[in-house]
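Have a look at the structure below before the remarks.
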Amino acid sequence: MLNNVKISGSEALLRTLLAEGVECIFGYPGGQAIPVYDSLYDYRDRLRHVLVRHEQGATHAAQGYARVSGKVGVALVTSGPGATNTVTGIADAMLDSTPMVVITGQVASPLLGTDAFQEVDVIGVTLPITKWAYQVRRAEDIAFAVSRAFYIASTGRPGPVVIDLSRDAQVGTVDYHYNKVDLIRSYQPYPEIAYDKIQKAATLINNAKKPFALVGQGVILGSAEQELRAFLEKAGIPAGTTLLGLSALPTDYPLNKGLLGMHGNVGPNRKTNECDVLIAIGMRFDDRVTGNLNTYARQAKVIHLDIDASEMDKNVRTDVKVLGNAKDSLREITALLKPAKHAKWLASFEKDEKEERIKVINKELHPVEGALKMGEIVRRVSEATDNKAILVTDVGQNQMMGARYFKFTQTRSIVTSGGLGTMGFGLPAAIGAKIGAPDRTVCLFVGDGGIQMTVQELGTIMQEHLDIKIIILNNRYLGMVRQWQELFWHERYSCTEMDNPDFVAIAHAYRLGAREISRREDLDGAISEMLSYKGSYVLVANVEANGIVYPMVPAGGTITDILF
């Protein structure tokens, strides 16, 4: 507990943020947040504030920061449009289980409900897309509410929390004291392990001939990477990863068979419908992974490990439900496993891998003629960083090509919008990722459509003097929509072709390094120039206009019905 002292509600907020370990706030000031910003003036040496150019950028930057650092991301905005501009980022964080606290200014309590200038019912708007949303109207409630917010956001299945601060709560005074919240009677973030379920899961795995693991982001959120490897190695279990679970295992790890889902690798998708025991670890059976549920893994016994009871049987009926943190659950199950190799089962992946190499990968990574391809650029950049960089993507073809061809050697190395699929996510998320991991190289892959949704955040990069490598994969189309129009809508390319600005000139206007290339022979030199440049750099790579991300499982189709 801190000693009692009379201070303003705004200062109480800042002291509580410091007590909760906050180092950086992403924000944008406005009328109903001025008291907080006034107090922040005296805390500049203790709390870094990053001035974004749009409130949506504040939330995405907070997400990027949280994803690479494992800490809670914090965004601070004003009322009305400032608050509503955060809604997309809040929803994104909710679907992707990202710990974030969004603090919104609000009109004074007597004006609530009067349609005062820039008044919005922030709690009503955000309650469905948060773990908790709470309005503070008294200065004496700030310390408790904020500490509670951090506890809820960071524990159990992480997610976003909104604290709406009325103006009178900010300017009022309080005898400040801080007690860290670490218990809420109605909230049990870490369920007790049911050891009968552990035993049932271990028995199924020990008797399996063709076990297969699906690895989700829950492994990363639960810091269970080492436990996962011990589990897979002891029982000889191959694994596929979800989009957000990609860096839980190194790309070249022998038991890692690749990406699951719509644009995933052929082997993991086919083997899902061949295995006899399917072990889902910290993943939620998203439709992009399962395809048609009526034909998904019908032959397999299903074991589901997850910290969130609401995910159990939500999409896929399971035979054994293991509720709990992945780190603890995996450790307990591994202790009961019999050592196994499953050599024949593992070898069966080789046929699928060879087919995919011939039909897709070699053509994407080693083209002999024609325009630049997205995949070859992604792989060359990854290899030029010794596969140690953080991959940040926007949404669309750039995202899927990044996921398929970037390689990972350490955890917390991918930042992308999974569940919501938010175009414009990439640039501000890369800002947060760089601040959250300042000693790591951050490479952003973004399409010409996505970059223009949040291009103003180049101003944030300029002001903060950040070093981010930005690769615009420019095909002059909304590429993923164009791909669907080609494959499923009779090549009726409605409203997807784009006339683009001079991206190099824009980068130079923000005092960033930049270069544009179109020829394959210029690629390696441009990548070298970008990575050696001291500061942020925009590499505009003009790629084939009609590229398609293959393989592809059509939406709602069976995961083994794969287009090449």
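FYI, the numbering just counts along the sequence from 1. Since we're looking at a predicted model, the values are computed, not measured.
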Inset, instruction - Using a 4.5 Å cut-off on heavy atoms from C-beta on, say whether the side chain of Val378 contacts that of Phe445. - result: yes
Legend entry - Minimum-distance pair of heavy atoms, taken over all atoms of Cys24 and Val50: SG-CG2, 3.7 Å
Inset, instruction - State whether a side-chain donor-acceptor pair under 3.5 Å links Asn387 with Thr409. - result: no
Inset, instruction - Would you indicate whether the side-chain heavy atoms of Arg157 and Arg284 approach each other to under 4.5 Å? - result: yes
Inset, instruction - Apply the side chain to side chain contact (heavy atoms under 4.5 Å, CB included) test between Ile103 and each candidate in Leu17, Asp164, Ile25; give the one that qualifies. - result: Leu17
Inset, instruction - Go through the steps to decide whether Asn265 and Glu356 satisfy the test side chain to side chain contact (heavy atoms under 4.5 Å, CB included), and finish with yes or no. - result: CA-CA 8 Å; Asn265 295 108; Glu356 186 175 352; 2.9 Å; yes
Legend entry - Validation row: Thr393, Phe406 side chains within 4.5 angstrom (heavy atoms): no
Inset, instruction - Consider only side-chain N and O atoms of Asn475 and Gln397, and report whether a donor and an acceptor are under 3.5 Å apart. - result: yes
Legend entry - Exercise: do Gln217 and Asp96 side chains pair donor with acceptor under 3.5 Å: no
Inset, instruction - Mind running side chain to side chain contact (heavy atoms under 4.5 Å, CB included) on Val22 and Val72 for me, showing each step along the way? - result: CA-CA 8 Å; Val22 175; Val72 177; over 6 Å; no
Legend entry - Test item: Arg404 and Tyr550 side chains (from C-beta on) under 4.5 Å apart, heavy atoms: no
Legend entry - Proximity of His49 and Tyr37 rings by center, below 6.0 Å: yes
Legend entry - Whether Tyr537 and Tyr533 hold their rings parallel, tilted or perpendicular, with breakpoints at 30° and 60°: perpendicular
Legend entry - Test salt bridge (Lys or Arg N to Asp or Glu O under 4.0 Å) applied to Lys71 and Glu23, step by step: CA-CA 10 Å; Lys71 302 175 182 178; Glu23 299 171 342; 3.3 Å; yes
Inset, instruction - Verify the neighbour count for atom OH of Tyr28: are there more than 12 heavy atoms of other residues, nucleotides or ligands below 6.0 Å? - result: no
Legend entry - Flag for Glu20-Ser147: side-chain donor and acceptor within less than 3.5 Å: yes
Inset, instruction - Evaluate the side-chain proximity of Met374 to Met400: yes if any heavy-atom separation is below 4.5 Å, no if none is. - result: no
Inset, instruction - Flag the pair Pro428 / Gln56 as yes when at least one side-chain heavy-atom distance between them is below 4.5 Å, and no otherwise. - result: no
Legend entry - Flag for Gln32-Gln118: side-chain donor and acceptor within less than 3.5 Å: no
Legend entry - Short side-chain donor-acceptor distance under 3.5 Å, Glu11 and Ser8: no
Legend entry - Within 6.0 Å of CZ in Arg46, more than 12 heavy atoms from elsewhere: yes
Inset, instruction - Would you check, one step at a time, whether the test side chain to side chain donor-acceptor pair (under 3.5 Å) holds for Arg440 with Ser413? - result: CA-CA 10 Å; Arg440 297 189 64 188; Ser413 292; 2.7 Å; yes
Inset, instruction - Can you see which heavy atom on Gln399 is nearest to which on Asp394, and at what distance? - result: CB-O, 3.2 Å
Legend entry - Short N-O contact, Arg520 and Glu376, less than 4.0 angstrom: yes
Legend entry - Asp499 atom CG: more than 12 heavy-atom contacts under 6.0 Å: no
Legend entry - Distance-only side-chain donor-acceptor flag, Tyr187 / Lys131, under 3.5 Å: yes
Legend entry - Side-chain touch Leu13/Gln170, heavy atoms, less than 4.5 angstrom: no
Legend entry - Ionic contact status for Glu544 with Lys373, cut-off 4.0 Å: yes
Legend entry - N/O donor-acceptor pair under 3.5 Å between Asp448 side chain and Asn474 backbone: no
Legend entry - Side-chain donor or acceptor of Ser536 paired with backbone N/O of Ile468 under 3.5 Å: yes
Legend entry - Over 12 non-hydrogen atoms of neighbours within 6.0 angstrom of NZ in Lys388: no
Inset, instruction - Side-chain contact test, heavy atoms from C-beta onward, threshold under 4.5 Å: evaluate it for Val446 versus Ile472 and give yes or no. - result: yes
Legend entry - Salt bridge Arg412-Glu225, side-chain N to carboxylate O under 4.0 Å: no
